[in-house]
Protein chains: 2
Amino acid sequence: MAASSVSIKDVAAEAGVSVATVSRVLNSHPSVSPASRARVVAAVEALGYRPNAVARSLRTDQTRTLGLVISDVLNPYFTELARSVEEAARALGYSVIIGNADERPELQDHHVRTLLDRRIDGLLVSPTDGGSPLMLDAVRAGTPMVFVDRWIPGVDVPVVRSDGRAAVRDLVAHLHGLGHRRLAIIAGPAATTTGSEPASRRSATPCASTASPCPTPISARATSRPPAGAAPPSASSPCPSRPRSSSPPTTSGARRPRRDPRARLRVPHDIGLAAFDDIPWFVHTDPPVTAIAQPTGDLGRAAVHALIDRIEGRTPRSVTLPARLVVRRSCGESTGGNSGRDPGRHTGRNTGEETPVRIRRSNP
Amino acid sequence: MAASSVSIKDVAAEAGVSVATVSRVLNSHPSVSPASRARVVAAVEALGYRPNAVARSLRTDQTRTLGLVISDVLNPYFTELARSVEEAARALGYSVIIGNADERPELQDHHVRTLLDRRIDGLLVSPTDGGSPLMLDAVRAGTPMVFVDRWIPGVDVPVVRSDGRAAVRDLVAHLHGLGHRRLAIIAGPAATTTGSEPASRRSATPCASTASPCPTPISARATSRPPAGAAPPSASSPCPSRPRSSSPPTTSGARRPRRDPRARLRVPHDIGLAAFDDIPWFVHTDPPVTAIAQPTGDLGRAAVHALIDRIEGRTPRSVTLPARLVVRRSCGESTGGNSGRDPGRHTGRNTGEETPVRIRRSNP
DNA sequence: CCTCCTTGTGGAATCGATTACACGGAGGAT
DNA sequence: ATCCTCCGTGTAATCGATTCCACAAGGAGG
């Protein structure tokens with residue numbers, strides 16, 4: 001029944017009214033007689049008519065579409081974020097176009113440009129770098145924009161992110177309780193705020209170490225793509241028995257030396273390990289990996305709401321949500337007798353695998 | 001410099017030519033004098049002009065955009081597929097809009113409808129169900145479409161997928177060689193072709209069993225969302241010492257009984273396990289999981305090329321690429337003289353990553 | 001010197017919607 | 001009865017591009 005070439009004119013002809021009336025029915029404008037309305041609806045039905053979103057966008061100057069530029073689709077954290085963003089946007093009648101920057105600034109620019117060319121209503125970005133001229137121009141030109149997870153310092157754009165400091169404090173306490181005394185941090189690309197944030201994470205450490213005399217942690221840089229994270233960081237960090245903390249892809253690189261004939265450190269026996277961002281598979285690794293989990297769903301929702309507020313003229317504020325520590329076994333076996341069941345992951349979709357000790361829950 | 005409200009008219013005014021000439025320059029039409037061209041280019045530069053893709057699409061009736069509807073973004077297989085699709089499309093000057101159906105037919109329809117409304121040039125689908133009227137209508141209406149991974153039987157649309165039969169034969173041989181004699185298959189939703197394909201995978205077994213006297217494998221159904229795959233399939237399948245094969249999310253559900261107090265089957269000691277689709281984290285699980293890997297990158301590229309062939313008037317054919325077996329340790333230790341390690345040692349919990357034994361490579 | 005063709009250019013139609021504006025008729029108030 | 005509101009409707013302008021067509025200028029060929 002539905003040829004895709006049906007336009008509003010055809011519907012008007014079929015219903016015996018003008019295109020204006022058809023349009024009014026389509027947009028549920030009040031001043032249409034019930035009779036006309038019925039005939040239009042019937043014609044639409046009969047012809048299988050669907051309004052052309054392109055034409056509509058041209059006229060109304062809005063696409064009801066959001067752009068989301070993330071730095072790495074292969075990273076489960078961003079995948080989950082994308083999912084929740086799309087969900088939240090859909091609930092509000094918006095679509096989402098995802099651009100994957102693959103941690104490459106020029107690809108990020110490509111996507112931003114493409115998205116802008118398509119006149120998306122607003123942009124959600126997790127910047128790969130310190131801000132290209134293009135992005136800066138876009139902000140200056142008044143494109144509604146919100147940063148997620150990462151941000152560009154000095155740019156006046158709301159940021160929706162999670163704060164891991166409390167969770168890091170919990171982690172440090174946890175580590176200390178298990179007897180670990182030397183810490184190292186493997187960080188991502190220095191250009192990103194999350195890559196350089198370990199500085200602040202590090203600074204969180206002393207706060208926690210009122211009770212735990214850990215020295216300032218050592219820190220190393222790593223690339224973040226899992227299979228590309230080639231060089232075993234162990235080579236560059238000569239002290240054993242220190243826990244590490246980083247994001248999952250980085251961690252997957254970091255884990256490699258465990259089997260490296262040159263190193264042969266065993267987790268958690270010789271060295272502890274913890275990750276930033278929790279992902280489903282951490283439950284199944286050997287050992288299950290202790291991680292700091294971000295509230296991905298809430299982050300996505302908050303970002304969408306902030307952006308749409310901005311689009312519709314309101315003035316959104318930045319949002320910071322607490323991350324929380326999920327203890328598993330990669331920093332050592334917990335000794336305390338624990339009643340509860342494994343909460344699995346923070347998404348609520350539990351697999352109920354292990355029984356990790358929960359030091360503290362940030363969201364009640 | 002760049003106010004986003006710059007239109008072709010402004011450029012024309014600035015350059016002192018007509019909009020027609022500007023358009024010709026933009027589309028590198030031959031008959032423009034070098035002088036005019038230069039002035040237009042300068043004006044474009046000065047104004048920071050970017051053509052409005054929406055207007056252009058309306059006029060030319062093409063968006064240079066592909067839709068990709070996948071059944072689950074959280075599944076790394078689809079994530080990788082999406083990435084390669086976007087990459088291939090970008091290389092050919094197309095953008096991709098991803099729709100995540102979350103295995104829900106009505107969501108799938110929502111995305112297909114939205115994509116169609118935006119007049120995308122073509123659609124790549126990995127169907128969640130047997131085909132809604134909407135999708136069937138779209139095909140009938142002549143929307144360029146290509147199925148990826150899964151397909152809808154009886155619909156005349158090219159399919160790009162991988163054939164796991166050879167790899168399954170390799171797997172069966174591998175299992176048999178390790179002494180396994182009873183097989184079970186955990187399949188996904190029966191409505192999908194990949195969910196019901198185990199029938200054909202099962203049928204592949206006897207072929208392989210000329211040399212290996214395995215009985216027809218038992219098969220069970222599971223939902224495919226990893227944490228949602230709640231019920232431990234072990235309860236329903238009473239025979240131990242049988243390897244299982246399924247996709248990673250399903251597998252992650254299936255692994256649970258390992259720790260389930262009621263079952264306490266150990267992998268690979270009591271039961272072997274193998275998965276369809278290989279994912280990065282399988283290297284780090286306990287034990288590393290033997291899997292059948294699909295050539296995701298090639299699949300994505302092939303799909304894009306097929307679709308664009310179709311869009312540009314050529315007639316694409318279906319493509320089937322071989323999957324291949326990646327042996328790790330979840331079906332048992334391989335006994336072959338493996339260089340680096342002590343053979344026969346049973347540490348209970350295996351750590352780490354091996355050089356996987358590659359039984360056979362399908363792509364040379 | 002007068003065609004004829006080529007080349008560059010601008011005017012205007014077009015894509016499919018939305019919406020300002022004008023207009024005719026019904027109904028209420030005076 | 002006359003006038004003034006509404007109400008429902010249609011005509012036409014508009015969004016920002018592309019492209020057909022007409023036309024002018026200039027060079028080649030007769």
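Below, read A as the first sequence line, B as the second, and so on, with proteins coming before strands; counting in each chain starts at 1.
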Quiz prompt | Smallest separation among heavy atoms of Asn100(B) and His111(B), with atom names | solution = O-CE1, 3.0 Å
Quiz item: Any side-chain heavy atom of Arg83(B) sitting closer than 4.5 Å to one from Thr79(B)?
Solution: no
Quiz item: So which of residues 8-21 of chain A are in contact with DNA chain C, with a heavy-atom cut-off of under 4.0 Å?
Solution: Ile8(A), Ala20(A)
Quiz item: Under 3.5 Å, is there a donor-acceptor pair linking the side chains of Ser71(A) and Arg104(A)?
Solution: no
Quiz item: Under 4.0 Å: is that the gap between some side-chain N or O of Ser36(A) and OP1 or OP2 of dG8(D)?
Solution: no
Quiz item: Is the closest basic N to carboxylate O distance between Glu103(A) and Arg150(A) below 4.0 Å?
Solution: yes
Quiz prompt | Out of dC21(D), dG16(C), dG16(D), whichever nucleotide has its closest atom nearest the side chain of Arg24(B) | solution = dC21(D)
Quiz item: In terms of the nearest nucleotide of DNA chain C, which residue is placed more toward the 5' end: Arg56(A) or Ser31(B)?
Solution: Ser31(B)
Practice problem: Answer with base, sugar-phosphate or nothing: what part of the nucleic acid does Asp61(A) contact at a heavy-atom distance below 4.0 Å? | Solution: nothing
Exercise. To the nearest Å, give me how far apart CZ (Arg59(B)) and C1' (dA17(D)) are.
Key: 8 Å
Exercise. For Ser57(B), report the nucleic acid contact type (base, sugar-phosphate, nothing); a contact means any heavy atom under 4.0 Å.
Key: nothing
Quiz item: Which residue pairs pass the salt bridge (charged side-chain N to carboxylate O under 4.0 Å, His left out) test with at least one member in residues 303-318 of chain B, sequence neighbours excluded?
Solution: Asp309(B)-Arg314(B), Glu312(B)-Arg314(B)
Quiz item: Taking NE2 from His29(B) and P from dT7(C), how many angstroms apart are they, rounded to a whole number?
Solution: 12 Å
Quiz item: For the pair made of CZ in Arg119(A) and P in dC15(D), what is the distance, rounded to whole Å?
Solution: 14 Å
Self-check item: Among dT18(C), dC21(D), dG16(C), the one nearest Leu58(A) by side-chain distance
Solution: dG16(C)
Practice problem: Could you state the atom-to-atom distance from CD of Gln62(A) to C1' of dC15(D) in whole Å? | Solution: 13 Å
Practice problem: Using only side-chain N and O atoms of Asn27(B), determine if any of them is under 4.0 Å from OP1 or OP2 of dT18(D). | Solution: yes
Quiz item: Can you check the Leu26(A) CG to dG16(C) P distance for me, whole Å?
Solution: 15 Å
Quiz item: Between dC15(C) atom C1' and Asn52(A) atom CG, what is the distance in whole Å?
Solution: 9 Å
Exercise. Just call it for Ser23(A): base, sugar-phosphate, or nothing, with non-hydrogen atoms closer than 4.0 Å on any strand.
Key: base
Quiz prompt | Residue pair Tyr77(B), Asp149(B): steps toward the side chain to side chain donor-acceptor pair (under 3.5 Å) verdict | solution = CA-CA 10 Å; Tyr77(B) 167 69; Asp149(B) 185 55; 3.0 Å; yes
Exercise. Kindly give the heavy-atom pair with the smallest separation between Gly300(B) and Ser84(B), and that separation in Å.
Key: CA-OG, 3.4 Å
Practice problem: Please report, rounded to the nearest Å, how far the C1' atom of dT9(D) is from the CZ atom of Arg39(A). | Solution: 13 Å
Practice problem: Remember a base hit wins even if backbone is also touched, and classify Thr60(A) as base, sugar-phosphate or nothing at under 4.0 Å, heavy atoms. | Solution: sugar-phosphate
Quiz item: How long is the line joining CZ of Arg50(B) and C1' of dA17(D), in whole Å?
Solution: 14 Å
